[in-house]
Asks: 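Have a look at this one.
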Amino acid sequence: MATGAIHAFAFPGTGFDVVRAPPSRQAGGRMRALIRHAGLRPEQEQRLRLAAGALSAHGISAGVEAWDGTRCDLVAVGGEDGYGRHVQTIATRRSVGVLVLGGKIDGAGRAPDDASAAALVRHLLAILQPGAGVNGHAAAPTAAVATAQSAGLVNLAQDPRLADKDLEAQVAGRSIQLLRSSGRVLSATLSDQMTARDRLCEGGWSFRALPPGQAGDQLREFAGSLDAFLLQGALRSAALLPPFPAQSCSLQDWPDLGASPDAIAALRLVRTLSAQPVSPADLARTHAVDPRYVGACLWAFAASGLLRRHGEPAAAPPAAKPASGILARLAAHFGLTRAG
Amino acid sequence: METVQEGTIKLVLAGPVGAGKTTAIRSIADSDPISTEMPLTTGAIGGKTTTTVAFDFATIVLDDGTPVMVYGLPGQAHYAFMRPIVMAGAIGVLVLLDAREGDLDNQVEYWLQAMQEVDPALAVVIGITHSDCVRGFSLAPVRTALRRLGRPIPVFTVDARIRDQALHLVRALLVSVIH
């Protein structure tokens with residue numbers, strides 16, 4: 001698309017009609033954008049602000065202000081609001097990008113106006129970043145890694161292009177940030193995080209490394225433990241995961257599992273992995289745990305960047321001795337073992 | 001494996017003022033804690049208007065009727081003399097730290113050293129509360145501090161009000177003791 005040209009088009013079924021305008025300005029290597037709004041309902045404005053904040057992950061520092069007739073890079077207007085349509089006319093005449101939320105504008109299809117903040121991000125990007133497709137990140141500063149078939153969790157654990165990086169990840173139209181540097185997962189909505197968690201063992205993911213300083217900048221409405229997020233996702237669909245490679249592994253740090261209180265056996269596995277390198281098979285045998293459960297834990301710990309893999313085979317750890325006496329009763333009370 | 005004298009099980013919660021020790025005890029215990037709460041002389045800290053001046057005490061009763069005694073140490077440094085008294089015979093310590101206070105690496109070092117001075121062999125787990133209140137919260141400084149200290153101990157971010165999360169800290173402590 002030629003810079004400076006104005007093009008109107010609709011996103012079928014997404015709720016938005018878009019008039020694309022010249023790209024926003026560059027400042028200090030990071031794009032800055034001023035987004036104004038007119039004729040939006042409060043909840044539409046709220047989602048717009050969330051989406052504008054999330055643009056930071058794409059290298060755009062966006063501010064949001066009400067339309068006052070002065071300069072801006074993009075105007076978001078309510079398609080069913082008379083004032084919004086009036087502002088759209090003015091903005092189009094001035095070659096300013098326009099995002100129309102809902103309504104039926106200039107013959108375009110009526111669009112629902114309940115699109116998520118993540119969907120808004122894509123449409124804002126389509127206007128502000130020439131060359132960036134609605135479903136891609138062509139103008140992103142770092143290359144994206146897409147997973148067609150393999151599980152997102154496996155890619156996180158194995159793809160060397162993703163190793164030890166803070167990432168923005170997208171699946172099923174949802175966007176989350178996986179911050180290994182801080183051990184946190186961030187998203188604009190809780191729903192985004194839950195959907196992503198439930199799809200960790202499926203394909204269809206795309207990942208993009210976040211440049212330093214952009215991690216967690218704006219997309220932070222919901223923050224949680226990255227380790228717990230990955231483990232919960234892995235355990236929910238453990239049967240979909242391939243067996244973990246038969247190499248000895250260990251942990252230098254305990255994963256942050258406070259938000260995974262159901263993963264009780266994982267605590268015993270972590271304890272052993274923290275003490276010495278051990279193979280997945282030995283780990284399952286030592287603790288009498290289903291190998292698929294062990295595999296899910298190891299995939300999750302590897303994806304969080306905590307798991308160390310060792311080339312040398314490790315000696316099998318001694319079989320876990322059952323607790324006795326008071327400790328056995330204590331362990332049973334807290335669900336760690338059955339009382340002997 | 002640790003040996004614990006039959007008939008005496010003691011669990012201790014430690015950490016600075018406002019980290020959520022009394023709240024955690026309330027979450028995990030079977031009875032309401034007997035607390036020695038007094039109004040803060042410095043005025044309210046956040047929404048907190050009282051603090052523990054001696055210790056909190058509550059019990060958890062096992063299936064066979066054996067009581068587990070749960071103690072919460074006061075957070076103020078001038079009550080440090082109570083630590084060896086309360087911690088004597090404990091199976092381990094849950095150290096709760098408040099993410100809002102920042103400086104978590106130094107807090108970890110301080111509290112681990114304080115616990116080690118009382119009993120170097122004592123099992124310890126760390127729970128970090130209020131992490132959701134801190135923009136840009138990171139576990140990295142805590143993990144770096146623990147590596148520096150050479151102690152791979154469990155560190156969980158938890159909401160002390162949620163029973164399951166508080167109990168998971170206890171489970172992590174027991175795993176450290178038993179296995």
Side-chain angles (χ1 to χ4, degrees), chain A residues 179-184 186 215-218 220 222-228 250-275 286-287 304 306 317-318 320-337 339, chain B residues 1-9 11 28 30 60-66 68 91 125-129 131-144 146-147 151-160 162-179:
Chain A
L179 308 184
R180 286 151 163 165
S181 63
S182 60
R184 307 295 277 173
L186 311 184
D217 197 7
Q218 294 289 338
R220 59 176 193 86
F222 290 88
S225 160
L226 174 64
D227 306 336
S250 66
L251 285 168
Q252 186 175 17
D253 303 310
W254 267 71
D256 172 18
L257 301 181
S260 294
D262 295 335
I264 294 175
L267 296 179
R268 290 188 281 133
L269 304 185
V270 170
R271 168 72 171 143
T272 299
L273 286 163
S274 300
T286 300
H287 292 286
S304 67
L306 297 176
K321 293 178 184 174
S324 58
I326 282 182
L327 282 177
R329 298 199 295 278
L330 201 54
H333 182 85
F334 288 102
L336 285 168
T337 61
Chain B
M1 185 186 300
E2 295 278 321
T3 56
V4 177
Q5 191 182 339
E6 284 288 330
T8 60
I9 312 178
L11 197 58
I28 65 177
D30 295 334
I60 300 168
V61 181
L62 304 186
D63 292 343
D64 65 351
T66 306
V68 178
I91 61 168
V125 299
I126 296 174
I128 298 176
T129 59
S131 61
D132 56 328
C133 303
V134 180
R135 179 180 178 176
F137 170 78
S138 174
L139 267 180
V142 177
R143 287 174 168 164
T144 302
L146 289 174
R147 288 177 191 174
R151 298 191 65 179
I153 65 175
V155 182
F156 293 170
T157 52
V158 293
D159 185 333
I162 299 177
R163 176 176 165 81
D164 274 349
Q165 294 194 14
L167 285 177
H168 215 43
L169 269 180
V170 179
R171 291 190 193 107
L173 182 74
L174 290 173
V175 164
S176 301
V177 172
I178 293 170
H179 295 281

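All values below come from the heavy atoms of this structure, side chains included, with hydrogens, waters and symmetry mates left out. Within every chain, numbering begins at 1; the chains are lettered A, B, ... in the order of the sequence lines, protein sequences first and strands thereafter.
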Asks: Under a 4.5 Å cutoff for heavy-atom pairs, which residue among S131(B), P154(B), A166(B) has the most contacts with chain A?
Replies: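 Heavy-atom pair counts peak at P154(B).
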Asks: Between L306(A) and chain B, which part of the residue has a heavy atom less than 4.5 Å away: side chain, backbone, both or neither?
Replies: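 Just its side chain gets close to chain B.
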Asks: Where on L62(B) is there a heavy atom nearer than 4.5 Å to chain A: the side chain, the backbone, both, or neither?
Replies: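 Both backbone and side chain of L62(B) come within 4.5 Å of chain A.
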Asks: I'd like to check P261(A) versus R171(B) (side-chain heavy atoms, cut-off strictly below 4.5 Å). Are they in contact?
Replies: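 Contact flag for P261(A)/R171(B) side chains = yes.
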Asks: Checking R143(B) now: which residues fulfil salt bridge (Lys or Arg N to Asp or Glu O under 4.0 Å) with it, not counting sequence neighbours?
Replies: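 D227(A).
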Asks: Would you check if W254(A) and V155(B) make a side-chain contact, meaning some heavy-atom pair closer than 4.5 Å?
Replies: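 The answer is no; the side chains never approach within 4.5 Å.
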Asks: D164(B) versus chain A, heavy atoms under 4.5 Å apart: side chain, backbone, both or neither?
Replies: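 Its backbone and side chain both get close to chain A.
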Asks: Side chain, backbone, both or neither: which part of A263(A) has a heavy atom under 4.5 Å from chain B?
Replies: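 Backbone only.
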Asks: Within the 4.5 Å heavy-atom criterion, are F334(A) and I60(B) side-chain neighbours or not?
Replies: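 Sidechains of I60(B) and F334(A): in contact.
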Asks: Rounded to the nearest 0.5 Å, how far apart are CG of L169(B) and CG of L257(A)?
Replies: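 Rounded to the nearest 0.5 Å, the CG-CG separation comes out at 11.0 Å.
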Asks: Please flag which part of V61(B) lies under 4.5 Å from any non-hydrogen atom of chain A: side chain, backbone, both or neither.
Replies: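 For V61(B), backbone heavy atoms alone lie under 4.5 Å from chain A.
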Asks: Which residue in the set D63(B), V170(B), L174(B) passes side chain to side chain contact (heavy atoms under 4.5 Å, CB included) when paired with H333(A)?
Replies: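 With H333(A) as partner, D63(B), V170(B), L174(B) yield a single side chain to side chain contact (heavy atoms under 4.5 Å, CB included), made by D63(B).
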Asks: For the atom pair OG (S181(A)) and CG (L139(B)), what is the distance rounded to the nearest 0.5 Å?
Replies: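 That separation rounds to 10.5 Å.
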Asks: Do any N or O atoms from the side chain of H168(B) and from the backbone of S260(A) form a donor-acceptor pair under 3.5 angstrom?
Replies: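 It does hold such a pair.
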Asks: Considering only heavy atoms from C-beta outward, does the side chain of R329(A) approach that of T66(B) to under 4.5 Å?
Replies: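 R329(A) reaches T66(B) side chain to side chain.
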Asks: So, taking the atom named CZ in R271(A) and the one named OG in S176(B), what distance separates them when rounded to the nearest 0.5 Å?
Replies: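 Reported to 0.5 Å precision, the distance equals 5.5 Å.
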Asks: Please classify the contact between I264(A) and chain B as side chain, backbone, both or neither, with a heavy-atom cut-off of under 4.5 Å.
Replies: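 For I264(A), backbone and side chain are both near chain B.
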Asks: Which pair of non-hydrogen atoms, one from V68(B) and one from L330(A), has the smallest distance, and what is that distance?
Replies: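 Taking every non-hydrogen atom into account, CG2-CD1, 3.5 Å.
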Asks: Does the distance from a Lys or Arg side-chain N to an Asp or Glu carboxylate O, for D253(A) and R147(B), drop under 4.0 Å?
Replies: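 Salt bridge between D253(A) and R147(B), a charged N being under 4.0 Å from a carboxylate O: yes.
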Asks: Which pair of non-hydrogen atoms, one from L267(A) and one from A172(B), has the smallest distance, and what is that distance?
Replies: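 Smallest interatomic distance, heavy atoms only, reads CD1-N, 3.9 Å.
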